[in-house]
Amino acid sequence: MTAADAFLCRPAPLVAPDLLGWRLAIGGLEARITETEAYHQVTDLACHASRGRTRRTEVLFARPGTLYVYRCYGIHWLLNLVCDQVDVPSAVLIRAVAMPGVDPRLSNGPGKVTRLLGLGQRHHGIHLSTGEVRLLPPSVPSARHRCGPRIGVDYAGAPWALKRWRWWEAGFPVVPHRG
DNA sequence: CTCTAGATCTAT
DNA sequence: TAGATCTAGAGG
């Protein structure tokens with residue numbers, strides 16, 4: 001079991017803040033995670049698995065460390081890391097990353113993250129252990145964390161739309177949405 | 001089969 | 001503030 005595996009074997013709302021500062025590595029690119037959002041179990045009406053176990057959501061029930069990549073608004077691919085335990089659908093959405101030499105405006109949104117790193121359909125369902133996409137511990141201490149409500153989940157209603165399950169690194173160029 | 005809404009982003 | 005553009009999932 002790698003450090004990343006043990007790290008992810010916890011509920012998403014615990015993993016998400018701890019994931020700040022960790023790095024994603026793929027195809028020679030490396031990016032530091034600066035904003036995350038938790039989607040937690042079937043009771044969370046904002047979580048795709050809340051409607052049950054279907055072909056689309058099957059991956060959310062897989063081993064922690066599995067990648068859940070899905071199409072959003074017909075345009076964007078969004079990357080999630082599956083957490084917790086097998087059969088417990090819990091995942092962290094990677095909302096923003098930082099890459100040296102890259103304009104932060106190109107990496108401060110979940111759709112931008114996948115575009116920047118070249119992630120898409122073909123990464124859906126693969127596991128970190130394949131090495132195709134790697135999750136590495138922080139190389140430097142992470143900045144102070146801030147948290148706030150999740151984005152774009154008003155439809156889930158209270159209390160789910162109100163949960164402060166989004167975390168980001170303070171002092172980092174603020175994302176173009178409320179917070 | 002048809003319909004609808006959506007974990008977004010950009011330009012206007 | 002609208003438009004781009006694709007699917008899962010629900011309903012008939």
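Naming: A, B, ... by sequence-line order, numbering from 1 per chain.
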- request: Hey, could you give me each pair passing ring-ring contact (aromatic ring centres under 6.0 Å, His included) that has a residue in residues 125-155 of chain A? Not counting sequence neighbours.
  value: none

task: Please report, rounded to the nearest Å, how far the P atom of B:dA7 is from the NZ atom of A:Lys163.
output: 18 Å

message: What is the separation between atom OH on A:Tyr155 and atom C1' on B:dT4, rounded to the nearest whole Å?
response: 14 Å

query: Heavy atoms under 4.0 Å, any strand shown: does A:Arg115 hit a base, just sugar-phosphate, or nothing?
result: sugar-phosphate

- request: Kindly write out the residues that satisfy salt bridge (charged side-chain N to carboxylate O under 4.0 Å, His left out) with A:Arg53, not counting sequence neighbours, or none if the list is empty.
  value: A:Glu58, A:Asp87

Considering only nitrogen or oxygen atoms on both sides, find all protein atoms under 3.5 Å from nucleotides 1-3 of chain B and state each distance.
none

message: Please check this pair: side chain of A:Ser50 against backbone of A:Thr43, looking for a donor-acceptor N/O pair closer than 3.5 Å.
response: no

- prompt: Could you give the CG-to-P distance, from A:Leu78 to C:dC6, as a whole number of Å?
  reply: 16 Å

message: Apply salt bridge (Lys or Arg N to Asp or Glu O under 4.0 Å) to residues A:Glu169 and A:Arg146 and explain how you reach the verdict.
response: CA-CA 6 Å; A:Glu169 288 192 339; A:Arg146 294 288 162 75; over 6 Å; no

message: Rounded to whole Å, please give me the gap between CG in A:Asn80 and P in B:dT8.
response: 11 Å

query: B:dA7 P sits how many Å from A:Trp165 CH2, rounded?
result: 15 Å

message: Each nucleotide in nucleotides 7-12 of chain C should get exactly one letter: B, S or -. Can you fill that in based on protein heavy atoms under 4.0 Å?
response: -SS---

statement: When pairs are called at under 3.5 Å and a stem needs at least three consecutive Watson-Crick or G-U pairs, the stems of DNA chain B are B:1-6 with C:6-11, B:8-11 with C:1-4

message: Over all strands shown, is A:Gly111 touching base, sugar-phosphate only, or nothing at heavy-atom distances under 4.0 angstrom?
response: sugar-phosphate

- prompt: Between A:His40 and A:Ser90, is any side-chain donor less than 3.5 angstrom from a side-chain acceptor?
  reply: yes

message: Just checking A:His124 against A:Tyr68, ring centres under 6.0 Å apart?
response: yes

statement: note: A:Asp154, atom CG; B:dT8, atom P; distance rounded to Å ~ 11 Å

task: Evaluate salt bridge (Lys or Arg N to Asp or Glu O under 4.0 Å) for A:Arg150 paired with A:Asp44, printing each intermediate quantity in order.
output: CA-CA 12 Å; A:Arg150 295 179 291 182; A:Asp44 174 7; 2.8 Å; yes

task: Go through the structure and list residues passing side chain to side chain contact (heavy atoms under 4.5 Å, CB included) with A:Ala16, not counting sequence neighbours.
output: A:Thr36, A:Ala38, A:Val92, A:Trp167

task: Would you indicate which nucleotide in B:dA7, B:dT8, C:dT5 comes nearest to any side-chain atom of A:Ile75?
output: C:dT5

- prompt: Salt-bridged, A:Arg166 to A:Glu35, with N to O below 4.0 Å?
  reply: yes

- request: Determine, using ring centers only, whether A:Phe7 and A:Trp22 are less than 6.0 Å apart.
  value: yes

- prompt: Can you check the A:Leu67 CG to B:dA7 P distance for me, whole Å?
  reply: 19 Å

field: N/O (side chain, A:Tyr70) to phosphate O (OP1/OP2, C:dC6) under 4.0 Å
entry: no

task: Quick one: pull up CH2 in A:Trp168 and SG in A:Cys147 and give me the separation to the nearest 0.5 Å.
output: 6.5 Å

- prompt: Passes salt bridge (Lys or Arg N to Asp or Glu O under 4.0 Å), A:Glu30 versus A:Arg23? Steps please.
  reply: CA-CA 7 Å; A:Glu30 187 181 298; A:Arg23 296 165 292 154; 3.0 Å; yes

- prompt: What's the CH2-P distance between A:Trp160 and B:dA7, to the nearest Å?
  reply: 16 Å

message: Please report the distance separating the C1' of B:dT10 from the corresponding atom of C:dT7, rounded so that it comes out in whole Å.
response: 22 Å

